[in-house]
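For reference, the structure is listed below as structure tokens.
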Amino acid sequence: MRPNLRTLVGSILLVLLTLFYAWLTVAVASARLAESSGLTHLIFFATTGLFWILPAMWLVRWMYRPRENNGSRDD
């Protein structure tokens, strides 16, 4: 895949990942933490706020890896 196309696809996927992850986190918090204390909310959102970095890091690494040269030209 060409680097420019990979960057475009990766950027779109990163936005979708962020939106889906935020929706999922809020849905879980609303269903499970409704009666919990503020400290529990703080710990939950701090943890889940940092956890999304793992798939995002993998995606950004994929977006910016060098082009593989397997002998074919696809200009």
Taking a hydrophobic cluster as the set of Ile, Leu, Val, Met, Phe, Trp and Tyr residues connected by side-chain heavy atoms closer than 4.5 Å, whether directly or through intermediates, do [X] and [Y] fall within one such cluster?
X	Y	answer
Leu19	Leu14	no
Leu13	Met57	no
Val60	Leu5	yes
Leu17	Tyr64	yes

Can you give each donor-acceptor pair under 3.5 Å made by side-chain atoms of residues 33-45, sequence neighbours left out, with the distance rounded to 0.1 Å?
from	atom 1	to	atom 2	distance (Å)
Ser37	OG	Thr40	N	3.3
Ser37	OG	Thr40	OG1	3.1
His41	NE2	Leu33	O	2.7

N/O donor to acceptor pairs below 3.5 angstrom from side-chain atoms of residues 22-29, sequence neighbours left out:
from	atom 1	to	atom 2	distance (Å)
Thr25	OG1	Tyr21	O	2.8

- Taking all non-hydrogen atoms of both residues into account, name the closest pair between Arg6 and Met63 and its distance. CD-O, 3.6 Å
- Test item: Trp52 side-chain N/O and Gly49 main-chain N/O as donor-acceptor pair under 3.5 Å: yes
- Taking only residues two or more places apart in sequence or in another chain, which ones pass salt bridge (Lys or Arg N to Asp or Glu O under 4.0 Å) with Arg65? Glu68
